Enquirer: 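The structure under discussion is supplied below as structure tokens; questions concerning it will follow.
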Protein chains: 2
Amino acid sequence: MDKKYTIKDIAQMAGVSKGTVDRVLHNRGKVSPAALEKINEVLNVIDYEPNLIARNLKSTKVYRICVLLPDPVFDPYWLPCVNGIQDAITEYKAYNVIIETHYFNPESTKSFLKVHETIITQSPDAVLLAPLFHKETVEIIKQYDELGIMVNTFNNQVESSSIKSFVGQDLYKSGRVAASLMNLILPKGQIAIIHIDESLKNAVHMQEKERGFRSYFEEKNLPDFSVTTLKLKYSNIETKLPAFINENPDLSGIFITTSKAYQIASTLFNLTDKKIALIGYDLIDKNVSFLNQGLVHFLIHQNQKRQAYLGVSTLVEHFLFRKDIPETILLPIDIINVENASFYVS
Amino acid sequence: MDKKYTIKDIAQMAGVSKGTVDRVLHNRGKVSPAALEKINEVLNVIDYEPNLIARNLKSTKVYRICVLLPDPVFDPYWLPCVNGIQDAITEYKAYNVIIETHYFNPESTKSFLKVHETIITQSPDAVLLAPLFHKETVEIIKQYDELGIMVNTFNNQVESSSIKSFVGQDLYKSGRVAASLMNLILPKGQIAIIHIDESLKNAVHMQEKERGFRSYFEEKNLPDFSVTTLKLKYSNIETKLPAFINENPDLSGIFITTSKAYQIASTLFNLTDKKIALIGYDLIDKNVSFLNQGLVHFLIHQNQKRQAYLGVSTLVEHFLFRKDIPETILLPIDIINVENASFYVS
DNA sequence: AAAAAAAGTGTGTTCGAGCACATTTTTTGT
DNA sequence: ACAAAAAATGTGCTCGAACACACTTTTTTT
């Protein structure tokens with residue numbers, strides 16, 4: 001029934017040579033109408049699937065995929081991505097694929113553009129990038145487009161018609177998930193949404209989460225809750241956070257929209273008199289440590305490792321196996337507490 | 001640097017023929033000490049990785065893998081497994097692998113053994129099975145062992161020295177996760193652990209979850225809570241559950257250790273006066289529906305689809321790529337509420 | 001020392017797709 | 001009608017591992 005047919009089989013059945021079958025399969029022309037019909041007849045009856053192993057053995061073409069990633073030295077948030085990419089390298093090492101990671105400084109658009117230039121000189125077949133900077137991203141994607149280089153993005157969703165594919169998470173929904181958990185922890189009180197980030201590069205990111213978070217409380221129409229937004233930087237947490245807490249004695253929960261929950265937790269740790277529920281993002285070591293100490297209640301797992309892995313692997317499989325690249329892959333919003341955290345840290 | 005060396009390359013470098021290199025690589029003997037040393041010298045310098053594509057192209061051996069699975073007709077719990085296996089079939093269809101699913105009636109050890117007989121006649125290279133029945137499982141695994149058929153298990157952990165590998169979840173920990181969530185929902189009160197199952201085949205399964213659940217509350221030493229266990233069957237829920245609720249007016253939470261939370265939820269739905277928190281297992285349609293209605297607070301996702309997929313794929317990759325089969329693969333304990341459920345249903 | 005056996009080594013084919021090139025057939029131009 | 005050009009078709013090699021088999025060298029036996 002499900003016998004595997006080869007080009008040779010088809011040639012035999014149609015009474016032609018495998019060269020002719022090959023020309024039909026690849027629309028290479030130079031085939032007489034008579035031969036074309038005979039072969040098509042056979043193709044309509046059986047269902048032919050080319051042997052991908054044989055194809056990839058023959059092909060000498062080496063595919064080059066470059067990843068444009070913030071240097072984890074500047075922000076450990078990106079560390080899991082390196083592992084995800086490493087997984088992809090291991091998985092596809094048998095094939096003619098070169099996967100290269102190029103780091104840039106997440107605080108510097110210049111660095112971003114400079115690394116982009118380096119990548120251009122490599123003339124890769126595809127690029128996976130974390131589009132931290134909106135304007136610059138649109139710009140460089142235009143360049144890749146002109147050069148016929150395929151582009152995939154992950155982590156940040158950038159609205160641009162030239163971006164065809166994205167791997168990430170629904171940030172709005174993740175904000176809602178955080179809200180639903182906060183609603184469970186707290187019976188009432190004031191909740192602060194805190195955005196901590198050195199630059200504004202994550203602005204959209206954080207706003208989407210805030211929007212989702214607020215939408216939940218607005219929808220549920222809970223009069224016992226109030227939601228406030230606060231923007232902080234690493235340098236001013238130590239002063240501004242205690243001040244904010246003093247000014248808002250009702251404050252009972254904080255939702256941190258970035259991976260910097262540990263910064264809030266360590267500051268709160270010193271203000272021993274307060275019991276405030278914390279919900280943040282990402283299973284970086286410091287966050288997990290505070291989770292285990294009970295100072296952070298929940299973390300939402302953005303699974304950067306898998307994001308990066310999928311970002312690369314969809315590209316690789318596109319080249320090797322002609323698979324379609326999905327427009328958007330949205331990873332599940334994993335809810336992490338102290339009891340299940342160990343299964344997610346990688 | 002990371003040039004890919006072929007057998008031919010090695011032969012050239014060592015000054016011998018590829019046949020001799022091949023004999024060394026496969027320990028096939030018939031190699032002079034002199035040649036052996038020359039080749040080993042080369043192998044020590046470079047790092048040779050055989051091209052798996054070429055290897056699999058050549059090999060005409062067809063691997064047959066049988067899956068022994070409860071028929072989803074009897075219990076929709078098993079439906080996702082079918083999809084997971086289908087994914088594996090699609091993924092490996094290019095290779096010489098046949099993956100066959102054989103269903104048995106989960107209520108009948110006879111059916112289990114009969115399907116096992118059918119599988120034996122197929123003389124597969126490996127079997128993946130859901131070891132529902134302890135005694136019978138140990139028995140048939142002995143048979144497979146004698147026939148040199150590799151065995152992998154999933155879903156249920158069976159303690160037997162002859163089982164080498166298992167894909168599943170840490171049930172004890174999943175009970176703890178459920179407890180931690182219950183502790184969050186409820187300030188105090190009585191909690192019932194309800195085991196619903198037609199037969200006792202899941203006894204160990206359910207007990208592990210109970211043990212984990214209780215351990216959490218014992219550890220935290222929460223005097224405001226009490227935990228009771230209740231065993232039900234589908235046929236007596238309608239009578240026994242309302243009776244139990246009447247006898248226990250303090251009852252404020254129920255933890256259902258099987259995928260049958262929907263049966264409790266639909267019964268509670270009719271007892272409108274009570275507000276009881278429900279936590280159960282598995283994203284089957286009826287459970288998700290009650291989750292969306294707000295009658296079930298949390299579901300723990302056991303990810304059967306991925307369990308089945310991994311169960312098959314580790315076997316396939318063992319044969320095709322000589323990968324090791326991990327002794328145990330424990331999937332993460334996913335916490336699902338109404339806000340993130342949509343990302344997990346498949 | 002010659003014959004026989006054993007040990008060691010090299011060659012050539014296979015798997016299936018892809019493509020270059022050689023060969024055959026058909027069409028066009030004179 | 002015949003050569004030349006164009007179109008159609010077939011042949012054969014490649015990729016790398018695996019293995020059968022043929023061949024050569026060394027060792028053992030008589």
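Since the structure is predicted, the reported quantities are computational estimates derived from the model, not experimental observations. Below, chains carry the letters A, B, ... as their sequence lines are ordered, and counting in each starts from 1.
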Enquirer: Should B:Val312 and B:Phe154 count as side-chain neighbours, where that means a heavy-atom distance under 4.5 Å?
Expert: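 No, too far: nothing below the 4.5 Å cut-off.
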Enquirer: Table please: side-chain donor-acceptor pairs of residues 119-127 of chain A below 3.5 Å, with sequence neighbours left out.
Expert:
unit_1   : atom_1 : unit_2   : atom_2 : d
A:Thr121 : OG1    : A:Thr118 : O      : 2.5
A:Gln122 : OE1    : A:Arg64  : NH1    : 2.9
A:Asp125 : OD1    : A:Lys61  : NZ     : 2.9
A:Asp125 : OD2    : A:Arg64  : N      : 2.8

Enquirer: Take the C1' atoms of the five end pairs on each side of the helix from C:dA1-D:dT30 to C:dT30-D:dA1, derive the two axes, and give their angle rounded to 10 degrees.
Expert: 60°
Enquirer: OP1 or OP2 of D:dG10 less than 4.0 angstrom from a side-chain nitrogen or oxygen of A:Thr20, does that happen here?
Expert: yes
Enquirer: Any side-chain to backbone donor/acceptor pair from A:Gln302 onto A:Gly168? Under 3.5 Å, distance only.
Expert: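 Pair absent, no side-chain N/O of A:Gln302 close to backbone of A:Gly168.
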Enquirer: Can a side chain N or O of A:Thr6 be found less than 4.0 Å away from OP1 or OP2 on C:dG16?
Expert: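 Result: no.
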Enquirer: Looking only at side-chain N and O atoms, does B:Arg28 come under 4.0 Å of OP1 or OP2 in D:dC19?
Expert: yes
Enquirer: So if I take every side-chain heavy atom of A:Arg23 and compare against C:dC21, C:dG18, C:dT9, which nucleotide ends up nearest?
Expert: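 Out of C:dC21, C:dG18, C:dT9, the nucleotide with an atom closest to A:Arg23's side chain is C:dC21.
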Enquirer: Within less than 4.0 Å of OP1 or OP2 of C:dT9, is there a side-chain N or O belonging to B:Ser32?
Expert: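 For B:Ser32, the contact criterion (side-chain N or O under 4.0 Å from OP1 or OP2 of C:dT9) is met.
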Enquirer: Considering just the side-chain nitrogens and oxygens of B:Tyr95, establish if one lies under 4.0 Å of OP1 or OP2 belonging to C:dC15.
Expert: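 Answer no for this pair, as no side-chain N or O of B:Tyr95 is under 4.0 Å from OP1 or OP2.
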Enquirer: Touch check for A:Asp22, heavy atoms < 4.0 angstrom, all strands: base, sugar-phosphate only, or nothing?
Expert: base
Enquirer: What contact category does B:Leu57 fall into here, base, sugar-phosphate, or nothing, at under 4.0 angstrom with non-hydrogen atoms?
Expert: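 Base, at least one base atom sits under 4.0 Å.
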Enquirer: Would you mind telling me which of C:dG16, D:dG16, C:dG8 lies closest to the side-chain atoms of A:Lys58?
Expert: C:dG16
